[in-house]
Amino acid sequence: MKITSYELFQVPPRWLFLKIETDEGIVGWGEPVIEGRAATVKAAVDELMEYLIGKDPLDIEDHWNLMYRAGFYRGGPILMSAISGIDQALWDIKGKYFNAPVHQLLGGKARDSIKVYSWIGGDRPSDVGNAAKEVVSKGFTAVKMNGTEELQYVDSYEKIDQVLERIAAVREAVGPYIGIGIDFHGRVHKPMAKILAKELEQFRPMFIEEPVLPENNEALREIANHVAIPIATGERMFSKWDFKKLLTDGYADIIQPDLSHAGGITECKKIISMAEAFDVAAAPHCPLGPIALAACLQVDATCHNAFIQEQSLGIHYNQGSDLLDYIVDNQVFKYEEGYVKIPSGVGLGIEINEDHVRKMAQIGHNWRNPVWRHKDGSIAEW
Ligand SMILES: [Mg+2]
């Protein structure tokens, strides 16, 4: 079998889909994108696909190493997201070729289903109590929200109190046992992160996420030594080499590699297995589309330490185009009592509605994240 051609589709709300074709008529789909830089990743995919045309799509390890190593320069969000989407599409082809779901080829299922969580609130969280109540009434048993808005290196206790008020409203709305993930979103710097973490402990969060930016991961030590809340991070880390120091340092409890950013199925399976050896859990990051989610579920199926999966249904970014719009059978992502079954279909386990993809690619998108500034005019982390 040989790879003959490929196509890229930049579709709303902010995604990029890749279709790889073969001379045997088998096609594979991937989602190579970093949010806000779809066109840049698209250019990287074009460059990488030059190597793959005419090659056997089944030799995934070799293609991965070629894309990663043979370009000399490696890593980072753009190159690794391009590799990720190509890798997903190659696994989709392999599964279809062997008439098996990808998880079967990775060793088989360690679980039948996985818990999912739902986002509540938006970039600037408000009215989260009611939003939490609503998603819990739909059966979710875990939610995630942004904790704060802009926060200066050293900011006022008024902002801390506002965060506490919001989390208290959520805890009160959902009762004591619904999981609440609180995403600091890298908006918080070390001086405020430790205050916030300590103050949030009373609400017994499921985890705090990116309490500091990943480039400041050494600051996790202080937080980990002072609070008992599980610490999650990793959506902005892109390879097993990026994760190795985090794991050996031992301050993270949950890693969140993104199947569309951290080298795809091939690399994320390895990253999560590395974490297992440190007794660290995995909750793959996925505020993206259906192909990325399907890839996550295939890997979750085979990793003992994966305990919950992010998914984007109804997320604030998805207005106008949502998770289920691009697939033929949306029952594949049906959530029951807060869980989703591991897809049993061949390849990634989803069928893409190509007509809809083509139609929406005509519309396209130019999604950018908002630029935030502090009161003094300086750039704030979003
Ligand atoms: Mg996050």
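The model shown is predicted, which means the values in this text are computed figures rather than measured ones. Whatever order the structure lists them in is the order used to number ligands and atoms, beginning at 1.
If you check the side chains of Trp119 and Gln311, you find no donor sitting under 3.5 Å from an acceptor. Using modelled atom types, one finds a donor on one side chain and an acceptor on the other under 3.5 Å when comparing Thr266 with Asp87.
Any protein N/O/S atom under 2.8 Å from the Mg ion (ligand 1) was counted, giving 3 altogether.
Figure legend: cation-pi geometry between Arg14 and Tyr317, with NZ or CZ positioned under 6.0 Å from the six-membered ring centre and within 45° of its axis.
Listed by first and then second residue, the side chain to side chain donor-acceptor pair (under 3.5 Å) pairs that reach into residues 279-308 are Glu235-His285, Asp258-His285, Lys269-Thr302, sequence neighbours excluded.
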Run the side-chain donor-acceptor check on residues 24-38: report pairs under 3.5 Å with partners two or more places apart or on a different chain.
| residue | atom | partner | partner atom | Å |
| --- | --- | --- | --- | --- |
| Glu31 | OE1 | Ile291 | N | 3.2 |
| Glu31 | OE1 | Ala292 | N | 2.9 |
| Glu31 | OE2 | Gly289 | N | 2.6 |
| Glu35 | OE1 | His261 | NE2 | 2.7 |

Going by atom type alone, with no hydrogens or angles, which donor-acceptor pairs under 3.5 Å involve a side-chain atom of residues 42-59 and a protein atom two or more places apart or on another chain?
| residue | atom | partner | partner atom | Å |
| --- | --- | --- | --- | --- |
| Asp46 | OD1 | Tyr6 | OH | 2.5 |
| Lys55 | NZ | Tyr51 | O | 2.6 |
| Asp56 | OD1 | Leu58 | N | 2.9 |

